[in-house]
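Small disclaimer: the values here were computed from a predicted structure and weren't measured.
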Amino acid sequence: YALLEDCLQLLPHMWGPGKSSFTGQVISVPDTTCYPRPLQEHLPIVVGGGGEARTLRLAAQYADAANVTGDAATVRHKSSVLRRHCADVGRDPADVEVTHLSTVLVGTHDGHVAELLERLRPPRQDSARFAASVNAGTVDDHIGRFRELAEAGAAEVTVRLLDLDDPASLERMRPVIAAF
């Protein structure tokens with residue numbers, strides 16, 4: 001965690017103008033000059049993880065976003081913890097977004113979802129566990145799920161389509177995206 005905190009402090013120095021040195025808990029850099037410089041003035045920093053005592057506190061202190069996993073109840077709880085940490089470090093909670101990474105398997109109807117699960121499930125993996133791990137469901141299921149995540153505090157969701165090799169998967173995801 002000391003190394004992570006040093007990196008979170010060092011990166012803005014490296015991406016910023018001018019020359020300076022940096023000495024952290026474990027990292028010491030005599031010259032933080034970085035070329036080529038980023039095109040944009042501010043590169044957002046995202047801290048991934050939901051550890052409540054340290055990870056979310058570091059996100060509250062240094063990051064632009066905290067990427068958490070879990071269902072809507074978990075996201076709601078982690079968002080609340082993040083807001084408390086922001087208050088503790090004197091930072092406006094609105095300055096730190098909550099993001100979410102979600103693997104999804106989208107079918108047009110329940111029977112289609114079952115077909116996709118059967119085709120994509122790794123051998124010897126329990127069907128119910130696999131379905132839960134990929135958030136298998138219909139378009140309507142996913143619209144409801146993403147709405148719950150938004151209401152729980154997720155400002156952005158990155159979606160990993162399990163069956164991206166099937167062009168129809170993008171078409172099935174289109175109404176979910178359009179809903180938001």
Count the heavy atoms belonging to other residues, nucleotides or ligands that lie under 6.0 Å from CD of Q40, then report whether that count exceeds 12.
yes

Any chance you could lay out the side-chain hydrogen bond (donor to acceptor under 3.5 Å, both in side chains) test for D71 and T74, step after step, and finish with the verdict?
CA-CA 5 Å; D71 60 9; T74 302; 2.8 Å; yes

Is it true that V81 and V75 fall in one hydrophobic cluster, defined by side-chain heavy atoms closer than 4.5 Å?
yes

Side chains of [X] and [Y] only: does a donor on one sit below 3.5 Å from an acceptor on the other?
X: T33; Y: D31; result: yes
X: S79; Y: R83; result: no
X: R121; Y: S127; result: yes
X: S102; Y: R145; result: yes

If we ignore hydrogens and angles and just use 3.5 Å, is the side chain of [X] paired with the main-chain N or O of [Y] as donor and acceptor?
X: S169; Y: D163; answer: yes
X: H142; Y: N135; answer: yes
X: R91; Y: A60; answer: yes
X: H85; Y: E52; answer: yes

Do you know the tightest heavy-atom contact between [X] and [Y]?
X: T23; Y: S28; result: OG1-OG, 3.8 Å
X: V68; Y: G50; result: CG1-CA, 4.3 Å
X: R147; Y: A179; result: NH2-O, 4.5 Å
X: A59; Y: A66; result: CB-CB, 3.8 Å
X: C86; Y: V96; result: SG-CG2, 3.9 Å
X: A136; Y: V113; result: CB-CG1, 3.9 Å

Please tell me if the side chains of [X] and [Y] come closer than 4.5 Å, counting only heavy atoms from C-beta onward.
X: L116; Y: L162; value: no
X: Y62; Y: V47; value: no
X: I45; Y: W15; value: yes
X: H100; Y: E156; value: no
X: L3; Y: E5; value: no
X: I27; Y: Q9; value: no
X: M173; Y: V139; value: no
X: L82; Y: H77; value: no

With respect to N67, which candidate in V98, V157, T99 satisfies the side chain to side chain contact (heavy atoms under 4.5 Å, CB included) definition?
T99

Going by side chain to side chain contact (heavy atoms under 4.5 Å, CB included), R172 matches just one of V104, V106, L161. Which one?
V106

Partner residues of R37 under the side-chain hydrogen bond (donor to acceptor under 3.5 Å, both in side chains) criterion, sequence neighbours left out
none

When rounded to the nearest 0.5 angstrom, what is the spacing between [atom1] in [X] and [atom2] in [Y]?
X: F146; Y: D141; atom1: CZ; atom2: CG; answer: 11.0 Å
X: E115; Y: D110; atom1: CD; atom2: CG; answer: 11.5 Å
X: T103; Y: R160; atom1: OG1; atom2: CZ; answer: 4.5 Å
X: F130; Y: E118; atom1: CZ; atom2: CD; answer: 10.0 Å
X: L4; Y: T55; atom1: CG; atom2: OG1; answer: 7.0 Å
X: K19; Y: C34; atom1: NZ; atom2: SG; answer: 13.0 Å

Step by step, would you call T32 with L10 a side chain to side chain contact (heavy atoms under 4.5 Å, CB included)?
CA-CA 8 Å; T32 61; L10 173 62; 3.7 Å; yes

Pairs meeting criterion ring pair (Phe, Tyr, Trp, His ring centres under 6.0 Å) with involvement of residues 19-59, two or more places apart
H13-F22

When you look at S133 and R129, which way does the side-chain hydrogen bond (donor to acceptor under 3.5 Å, both in side chains) test go after all the steps?
CA-CA 6 Å; S133 73; R129 179 178 243 169; over 6 Å; no

Working for side chain to side chain contact (heavy atoms under 4.5 Å, CB included), residues T138 and I143:
CA-CA 9 Å; T138 64; I143 290 173; over 6 Å; no

From CA spacing to verdict: side chain to side chain contact (heavy atoms under 4.5 Å, CB included), D64, V46
CA-CA 6 Å; D64 300 287; V46 179; 5.9 Å; no

Give the C-alpha distance, both sets of side-chain angles, the deciding distance and a yes or no for side chain to side chain contact (heavy atoms under 4.5 Å, CB included) between L164 and L170.
CA-CA 7 Å; L164 191 56; L170 294 172; 3.8 Å; yes

